[in-house]
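First the structure, in the form of structure tokens, and then the observations on it.
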Amino acid sequence: MDTPNKERELRRNQRRALFFLLASAALFLLTAFLPPGFWVSGAKAVAEAALIGALADWFAVAALFHRIGVPGLGLPIPFLTRHTAIIPNNKARIADELASFVRDKFLDEQSLVQLIRQHDPASRLAAWLRARGNARRLSRHLAKAAAGMLALTGDARIQRLMAEALRALLRRLDLSQAAGSVLETLTKDGRHQQLLDEGMAQLVALLRDAPTRALIAQSLVLWFKREYPTIEKLMPTSWAGRNGAELVASVLDKVLAEVARDPDHALRRKFDQALERLIARLRQDPSFIEQGEKLKRALAEGEAANRYVAALWQDWRQWLERDLAAEDSALRAGIAGMGLWLGRQLARSPALRQSLNEHLEGAARAVAPDFARFLARHISDTVKRWDTRELSRQIELDIGKDLQYIRINGTLVGGLIGMLLYLGSRGIEAVSPYVR
């Protein structure tokens, strides 16, 4: 509901509550000038109690939002005015309490984890991705976001900032040490041996390939003609080349097969030792460190390298922009296909869904404290920045119309209590002679 409608609702309910108060006052004044009797005195008692209830609840409701003093003069009423304008006078405390309530009741770790478990986001994601058109919709949204980021990087000021950030990063980077660390990570727990095995398997397959052997034979023939031209004229070079190629390939095949079968082969140990020496030299050898520094300076300060990288980036960015803008965008199609695939995989695998939900729970536990503190601080600071009168007015517009029913109910309940008290007192008067 917009502000004008809220104001109309508030005014309407205020007039209703005022009507009950004025009706009680009118009944009280009327009975004050009538001759006393059972009905007149009863009506007066009802009017008195209703008027007291109406005035008390008016004060209680009005004191939430406004400062109440002597009417027309604005002077404070002793013992009363200091406890009025409760919301405006306690804005800071309200801000802190509201922030704490949101933090403790909505953003605590247990609530977020329970929310994830209750709604099973992995299943919902799977169903959403498999629904017709959603994967394409996702690809369009991601493409728009990517296009926005590319447009941002097209700004010359952003480009200068990115270039300077990259140069600063390169200046702080020790390339030689970094290369040594990367190699050490790649060789940890014998991981490089798996790469060696794969490389040897590919080499064996290549050696067993007929075109490869033909190339080796041709290379042997050319080498023989170049190094021994006289002897080559007296020998069947084609036959020698074919057989030489077979011999070389067979020997290499046999050696590589032996290395592949033996995890402790001498060639494997030499390979390990060579890598260890390389890692040590990358980290400790001054010549390697100096070469790394030269390369770093060339990358960070060299105009040719900068122009080359800038040209590559511009070409890549323009290609991305053209593709994202095209109706048959390959990137959008790829994203949509990945979305469909992910949806099918999640739907097919309960273990995958459980794993995703568990990772979401872990992420919620990890970020909940910091996020809750950030959001609580943001709520508190935002409320404290609000204008005090505007805050009070907005709250009054939102809940004030409902608070007017407290005034109406106070009038009616007060009148009912007055009637009961009057009837009770008359009943006591009626039976008291007999009690004596």
Side-chain angles (χ1 to χ4, degrees), residues 1 5-91 93-94 97-98 101 105 391-436:
M1 187 182 295
N5 287 334
K6 289 180 180 180
E7 289 180 347
R8 283 194 293 271
E9 286 284 336
L10 177 60
R11 295 286 175 261
R12 185 184 302 118
N13 286 2
Q14 285 176 333
R15 287 193 295 269
R16 288 173 182 169
L18 181 61
F19 168 78
F20 280 90
L21 187 151
L22 294 176
S24 302
L27 180 60
F28 173 75
L29 291 174
L30 178 63
T31 56
F33 293 101
L34 292 176
F38 178 82
W39 295 108
V40 172
S41 298
K44 185 179 180 181
V46 170
E48 288 175 346
L51 186 58
I52 292 171
L55 290 172
D57 285 337
W58 164 81
F59 182 86
V61 171
L64 288 172
F65 308 102
H66 308 285
R67 180 181 182 274
I68 299 176
V70 178
L73 300 177
L75 298 175
I77 303 173
F79 308 110
L80 290 180
T81 301
R82 62 180 296 186
H83 297 296
T84 61
I86 293 172
I87 291 177
N89 291 337
N90 292 274
K91 184 181 73 170
R93 186 160 63 89
I94 292 172
E97 292 296 331
L98 176 62
F101 178 77
K105 302 300 181 182
L391 170 64
S392 178
R393 181 61 178 164
Q394 190 60 50
I395 295 176
E396 186 177 15
L397 288 175
D398 288 332
I399 65 174
K401 64 185 182 66
D402 298 313
L403 294 177
Q404 302 311 310
Y405 288 107
I406 294 178
R407 296 175 57 190
I408 295 172
N409 293 336
T411 306
L412 297 175
V413 171
L416 178 61
I417 293 174
M419 181 182 67
L420 293 175
L421 291 175
Y422 174 73
L423 293 175
S425 65
R426 292 304 296 265
I428 292 173
E429 290 175 2
V431 302
S432 59
Y434 302 100
V435 174
R436 292 181 188 144

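Quantities reported herein were computed from a predicted structural model and do not represent experimental measurements.
Note that CG of N89 is 11.5 Å distant from CG of L64, once rounded to the nearest 0.5 Å. Here the CD1-OG1 distance, from I52 to T411, works out to 11.5 Å after rounding to the nearest 0.5 Å. For the atom pair L29 CG and L51 CG, the distance stands at 8.5 Å (nearest 0.5 Å). Atom-to-atom distance recorded for N90:CG and S392:OG is 11.0 Å, nearest 0.5 angstrom. In this structure, CG on D402 lies 7.5 Å from OH on Y405, to the nearest 0.5 angstrom.
Identified under the side chain to side chain donor-acceptor pair (under 3.5 Å) test for residues 34-63, with sequence neighbours left out: none.
By the salt bridge (charged side-chain N to carboxylate O under 4.0 Å, His left out) test, R426 pairs with E429, sequence neighbours left out. By the side-chain hydrogen bond (donor to acceptor under 3.5 Å, both in side chains) test, D398 is found to be paired with K6, residues two or more places apart in sequence or in another chain being considered. Applying the side-chain hydrogen bond (donor to acceptor under 3.5 Å, both in side chains) criterion to Q14, with sequence neighbours excluded, gives R11. Under the side chain to side chain contact (heavy atoms under 4.5 Å, CB included) criterion, E7 pairs with T3, R393, L397, sequence neighbours left out. Legend: residues meeting side chain to side chain contact (heavy atoms under 4.5 Å, CB included) with I399, ordered by chain and number and at least two apart, are F65, I395, L403.
Scanning both residues, A47 and S24, for their nearest heavy atoms gives CB-O, 3.6 Å. The nearest pair of heavy atoms linking R67 to A85 is N-CB, 3.7 Å. Counting all heavy atoms, side chain and backbone alike, I94 lies closest to I87 at CD1-O, 3.8 Å.
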Check the pair H66, E396 against side-chain contact (heavy atoms from CB on, under 4.5 Å), reporting the backbone distance first and the verdict last.
-> CA-CA 10 Å; H66 308 285; E396 186 177 15; 3.3 Å; yes

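Only one option out of E9, R16, R15 pairs with N13 in a side chain to side chain donor-acceptor pair (under 3.5 Å); it is R16.
Under the 6.0 Å cut-off for aromatic ring centres, F38 and Y422 qualify, their centroids lying closer than that.
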